[in-house]
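Just below is one structure, and these are the notes that go with it.
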Amino acid sequence: MRIRLLPALTLAIASSFVSLAHAQAPVKVSDGVLVTSAGMTLYTFDKDVANSGKSTCNGPCATLWPPAMAAANAKPEGDMTIITRDDGAKQWAIKGMPLYTYANDKKAGDKTGDNFKEVWHVVKK
């Protein structure tokens with residue numbers, strides 16, 4: 001019986017590695033707004049420069065506005081690109097603009113950070 005389980009186990013493990021190799025952007029559209037796979041609203045920051053490959057939100061800013069982190073093996077697709085943060089971590093971007101969540105959004109669908117200080121905006125789709 002153990003011998004019959006080995007091929008199935010091997011196939012299951014190989015399948016998981018294949019899915020990891022093709023990590024997709026963890027975003028979707030909900031009520032016309034771009035959100036994480038968990039339904040948390042995604043924002044852009046006006047002080048970021050599109051296509052610069054950089055985020056200007058670091059340190060305390062990134063605590064309040066957590067970056068939408070990308071897996072090390074994630075690949076750009078469509079409008080979704082990946083930038084490298086100052087600490088070397090990868091972050092999702094849309095049309096070259098880094099994406100963030102907002103720490104004060106407590107549940108899926110919250111948009112309390114929209115137009116915060118007139119520089120943070122939900123990503124409308």
Do [X] and [Y] make a side-chain contact, defined as non-hydrogen atoms from C-beta onward lying under 4.5 Å apart?
| X | Y | answer |
| --- | --- | --- |
| Met97 | Val49 | no |
| Asp48 | Ser55 | yes |
| Trp92 | Ile82 | yes |

*How far apart are the closest heavy atoms of Ala93 and Gly96, and which atoms are they?*
CB-C, 4.0 Å
*Could you check Val35 against Val27 for side chain to side chain contact (heavy atoms under 4.5 Å, CB included), going step by step and ending with a plain yes or no?*
CA-CA 5 Å; Val35 298; Val27 298; over 6 Å; no
Could you check whether any side-chain N or O of [X] sits under 3.5 Å from a backbone N or O of [Y], counting only pairs where one atom can act as donor and the other as acceptor?
| X | Y | result |
| --- | --- | --- |
| Lys106 | Ala103 | yes |
| Thr41 | Asp110 | yes |
| Tyr43 | Leu99 | no |
| Arg85 | Pro67 | no |

*asked:* Does Asn104, at its CG atom, have more than 12 non-hydrogen atoms belonging to other residues, nucleotides or ligands within less than 6.0 Å?
replied: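 Check passes, neighbour count above 12.
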*Assert yes or no for the condition that the ring centre distance of Phe45 to Trp120 is strictly below 6.0 Å.*
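Phe45 vs Trp120: aromatic centres under 6.0 Å.
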*Salt-bridge test for Lys111 and Asp114: reply yes if a basic N is under 4.0 Å from a carboxylate O, no otherwise.*
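Not counted as a salt bridge, because no side-chain N and carboxylate O are separated by less than 4.0 Å.
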_I'd like to know if Asp79 pairs up with Lys125 as an ion pair, taking the criterion as any Lys NZ or Arg NE/NH1/NH2 lying under 4.0 Å from an Asp or Glu carboxylate oxygen._
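Salt bridge present between Asp79 and Lys125.
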*Does the pair Trp65 and Tyr102 meet the rule for a ring pair (Phe, Tyr, Trp, His ring centres under 6.0 Å), with working shown?*
CA-CA 5 Å; Trp65 297 92; Tyr102 183 44; 4.0 Å; yes
_Identified side chain to side chain contact (heavy atoms under 4.5 Å, CB included) counterpart of Lys90 within the set Thr84, Ile83, Asn73_ =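 It is Thr84, the one option of Thr84, Ile83, Asn73 that forms the side chain to side chain contact (heavy atoms under 4.5 Å, CB included) with Lys90.
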Separation of [Y] [atom2] from [X] [atom1] (nearest 0.5 Å):
| X | Y | atom1 | atom2 | value |
| --- | --- | --- | --- | --- |
| Leu64 | Phe116 | CG | CZ | 6.0 Å |
| Thr36 | Lys28 | OG1 | NZ | 7.5 Å |
| Glu118 | Asp46 | CD | CG | 9.5 Å |
| Ile94 | Leu34 | CD1 | CG | 5.0 Å |
| Thr101 | Leu42 | OG1 | CG | 7.0 Å |

